Engineer: 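Below are the structure tokens for one structure; questions will follow.
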Amino acid sequence: MKSRTVRRVGLSIAVGTALASVAACGSTGSSGGSGKDDKTVGKGTTRVSPIVALRSAEQSTDKADSAKVESSTVLGTLMSMDAKGNLGWSDGISGTLTMNYTGGTMADAMRAAGSTSMEARYLPDAYYAKMGEKFAAQAGGKHWIKYAYDDLAKLGGSSGAYLKDQMQNSTPNQSVKLLLASGDVKKVGTESVRGQRTTHYSGTVNVADLATKNSNLTASQLAGLKKQLTSAGVSTEQVDIWINAKDLLVKKVEKGEMSSGEYSQTAYYSDYGVKVEATVPPASDTEDFMTLLKKQGMTPGSADTATGSGTSS
């Protein structure tokens with residue numbers, strides 16, 4: 001396999017696998033509105049302050065520790081991807097997702113590697129991506145690639161540090177925090193989402209105004225949110241969430257524009273408290289991504305390994 005192909009596929013996986021977990025457990029966007037499984041029960045915007053309800057949802061979702069998740073992500077022409085699995089967030093992201101790349105340059109790169117579907121395992125210090133036979137045969141015979149979180153920041157560009165931060169700190173209630181930070185959150189109405197009666201809340205976050213909004217978040221929480229979004233080139237983001245009778249997040253939808261183009265993310269949550277398992281793949285069948293780069297004659301941290309697009313050739 002050519003060096004630039006290994007680089008393209010490896011970086012595509014690095015970005016895509018991180019974004020899949022962020023879509024499920026963090027913030028960085030998707031289109032507003034109901035999905036095909038959603039049925040509007042009650043419409044209309046009310047002026048009643050939803051702050052108390054959102055605060056309760058933030059705490060309940062955070063304490064739940066785990067859930068089954070289904071997410072879809074579209075990031076301009078870079079990628080379209082669906083993901084499904086069980087994730088936990090009591091101590092960073094943990095769990096397993098099955099991901100399918102459905103479009104964009106990342107799907108092209110994965111197709112060239114032999115498969116547009118892969119398994120990702122998330123553990124406290126790294127995540128692992130399982131590749132197909134074609135990639136393994138051309139990259140030393142090993143099927144798993146290890147991406148240590150500490151190495152993400154070394155891959156070059158501002159996106160490396162951003163991905164590391166997202167992987168280690170994102171939780172599903174991040175979307176709730178974003179709505180609290182927006183300062184103009186509104187209750188849209190009562191809707192049915194996949195058979196559950198939920199309350200729909202919506203708001204638009206202006207990153208430049210985060211620190212001045214009357215958001216009921218602490219100064220450190222606001223600063224952290226602003227840093228994460230600014231690092232991704234996000235200036236504004238629309239956030240919609242659906243909360244059930246148990247004050248748990250059932251659905252989140254976000255959309256916005258990054259420096260690399262428009263993006264959208266949607267995630268559904270169910271079976272809170274589900275058992276989450278993620279084991280480290282056999283060392284004999286695992287290649288560290290940084291080691292793989294060095295074997296291809298590339299220097300980690302150089303322009304060769306910048307993660308800005310994940311598709312440079």
Side-chain angles (χ1 to χ4, degrees), residues 16-30 35 37 53-73 81-100 117-130 144 146-149 163-180 193-199 201 221 224-225 228 239-254 265-281:
T17 309
L19 287 175
S21 66
V22 172
C25 283
S27 62
T28 307
S30 176
D37 295 317
L54 291 181
R55 282 302 226 177
S56 179
E58 176 197 351
Q59 295 170 6
S60 297
T61 301
D62 186 50
K63 291 178 181 178
D65 287 346
S66 67
K68 289 185 177 181
V69 299
E70 295 178 43
S71 68
S72 62
T73 303
M81 177 179 62
D82 297 325
K84 183 177 182 179
N86 296 349
L87 288 179
W89 51 88
S90 61
D91 184 20
I93 297 175
S94 63
T96 302
L97 289 179
T98 298
M99 297 181 291
N100 293 294
S117 178
M118 59 174 253
E119 176 186 339
R121 297 182 186 178
Y122 302 88
L123 288 102
D125 61 343
Y127 62 89
Y128 298 80
K130 186 176 184 180
W144 291 89
K146 175 184 177 180
Y147 296 90
Y149 298 139
L163 288 177
K164 175 187 176 182
D165 179 71
Q166 288 287 286
M167 292 297 297
Q168 293 185 316
N169 298 311
S170 291
T171 58
N173 67 349
Q174 188 81 350
S175 297
V176 183
K177 291 181 180 179
L178 280 173
L179 277 185
L180 288 168
V193 177
R194 294 188 170 183
Q196 293 190 63
R197 187 176 178 83
T198 68
T199 303
Y201 298 93
Q221 287 175 319
L225 288 172
Q228 289 179 354
V239 182
D240 289 79
I241 63 172
W242 287 257
I243 305 297
N244 68 12
K246 295 181 179 180
D247 293 329
L248 293 170
L249 185 63
V250 174
K251 177 186 176 184
K252 74 149 190 176
V253 180
E254 304 175 24
Q265 290 179 346
T266 300
Y268 290 91
Y269 305 86
S270 64
D271 297 279
Y272 277 95
V274 67
K275 185 176 181 179
V276 173
E277 294 182 332
T279 57
V280 177

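Bear in mind that the values here come from a model prediction, so they are computed numbers and not experimental data. Reckoned from all heavy atoms, side chains included, excluding hydrogens, waters and symmetry mates.
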Engineer: How are the rings of Tyr127 and Tyr149 set relative to one another: parallel (under 30°), tilted (30 to 60°) or perpendicular (over 60°)?
Structural biologist: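 Tilted, since the angle between the ring planes falls between 30° and 60°.
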Engineer: Kindly compute the distance separating CD (Gln196) from CG (Leu248), expressed to the nearest 0.5 Å.
Structural biologist: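 Here the rounded value is 8.5 Å.
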Engineer: Measuring only between side-chain heavy atoms, which start at C-beta, is Lys275 closer than 4.5 Å to Asn86?
Structural biologist: no
Engineer: Drop me the distance from Lys246's NZ to Ser60's OG, to the nearest 0.5 angstrom.
Structural biologist: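 The OG atom of Ser60 is 11.0 Å from NZ of Lys246, to the nearest 0.5 Å.
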Engineer: Taking it one step at a time, do Arg55 and Leu180 satisfy side chain to side chain contact (heavy atoms under 4.5 Å, CB included)?
Structural biologist: CA-CA 8 Å; Arg55 282 302 226 177; Leu180 288 168; 3.7 Å; yes
Engineer: As a quick check of understanding, evaluate side chain to side chain donor-acceptor pair (under 3.5 Å) for Asn244 and Thr198, giving each step before the final call.
Structural biologist: CA-CA 4 Å; Asn244 68 12; Thr198 68; over 6 Å; no
Engineer: Do Arg194 and Glu70 sit within salt-bridge range, that is, some charged N less than 4.0 Å from a carboxylate O?
Structural biologist: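 Yes, charged N to carboxylate O under 4.0 Å.
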Engineer: Taking only residues two or more places apart in sequence, or in another chain, which ones meet Ser56 in a side chain to side chain donor-acceptor pair (under 3.5 Å)?
Structural biologist: Asp247
Engineer: If you take all heavy atoms of Ala148 and Ala126, which pair is closest and at what distance?
Structural biologist: CA-CB, 3.7 Å
Engineer: Show the nearest heavy-atom pair for residues Leu87 and Tyr122, with the distance to one decimal.
Structural biologist: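 Heavy atoms only, the tightest pair is CD2-CD1, 3.9 Å.
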Engineer: What residues, two or more places apart in sequence or in another chain, satisfy side chain to side chain contact (heavy atoms under 4.5 Å, CB included) together with Ala57?
Structural biologist: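 If we apply the side chain to side chain contact (heavy atoms under 4.5 Å, CB included) test to Ala57, skipping adjacent residues, the hits are Ile243.
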Engineer: Is any side-chain heavy atom of Arg121 less than 4.5 Å from a side-chain heavy atom of Pro281?
Structural biologist: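 Yes, side chains in contact.
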Engineer: Taking side chain to side chain contact (heavy atoms under 4.5 Å, CB included) as the test, write out the residues that go with Thr199, two or more places apart.
Structural biologist: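 Thr199 satisfies side chain to side chain contact (heavy atoms under 4.5 Å, CB included) with Lys187, Tyr201 only.
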Engineer: Supply the atom-to-atom distance Lys84 NZ to Ser72 OG, rounded to the nearest 0.5 angstrom.
Structural biologist: 13.0 Å
Engineer: Keeping Thr96 on the side-chain end and Glu277 on the backbone end, is there a donor-acceptor pair under 3.5 Å?
Structural biologist: yes
Engineer: Could you report the tightest heavy-atom contact between Tyr269 and Lys251, atom names first, then the distance?
Structural biologist: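 Closest approach of Tyr269 to Lys251, heavy atoms only: CD1-N, 4.2 Å.
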Engineer: Measure the CG-CD distance between Leu249 and Glu58 for me, rounded to the nearest 0.5 Å.
Structural biologist: 11.5 Å
Engineer: Write down the atom of Leu97, the atom of Ala83, and the distance for their closest heavy-atom approach.
Structural biologist: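 Leu97 and Ala83 have their closest heavy atoms at CD1-CB, 4.3 Å.
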Engineer: I want to check something: taking the side chain as every heavy atom from C-beta on, are Ser117 and Thr98 in contact at a cut-off of under 4.5 Å?
Structural biologist: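 Heavy-atom side-chain distance check passes, below 4.5 Å.
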Engineer: Sub-3.5 Å donor-acceptor pair from the side chain of Arg197 to the main-chain atoms of Ala245, do we have one?
Structural biologist: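 Not confirmed, Arg197 side chain does not pair with Ala245 backbone.
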Engineer: Is the shortest side-chain heavy-atom distance between Tyr268 and Lys68 below 4.5 Å?
Structural biologist: no
Engineer: Please name the pair of heavy atoms, one in Leu179 and one in Leu54, separated by the smallest distance, quoted to 0.1 Å.
Structural biologist: CB-CD1, 4.1 Å
Engineer: For Ala278 and Gly95, work out which heavy atoms get closest and say how close.
Structural biologist: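 Looks like CB-O, 3.5 Å.
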Engineer: Answer yes or no: is there a side-chain heavy-atom contact under 4.5 Å between Tyr272 and Thr61?
Structural biologist: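 Counting from C-beta outward, Tyr272 and Thr61 do come under 4.5 Å.
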Engineer: Where the side chain of Ser66 meets the backbone of Val274, is there a donor-acceptor pair that is under 3.5 Å apart?
Structural biologist: yes
Engineer: Please step through side chain to side chain contact (heavy atoms under 4.5 Å, CB included) for the pair Met99 and Met118, ending with a clear verdict.
Structural biologist: CA-CA 5 Å; Met99 297 181 291; Met118 59 174 253; 3.3 Å; yes
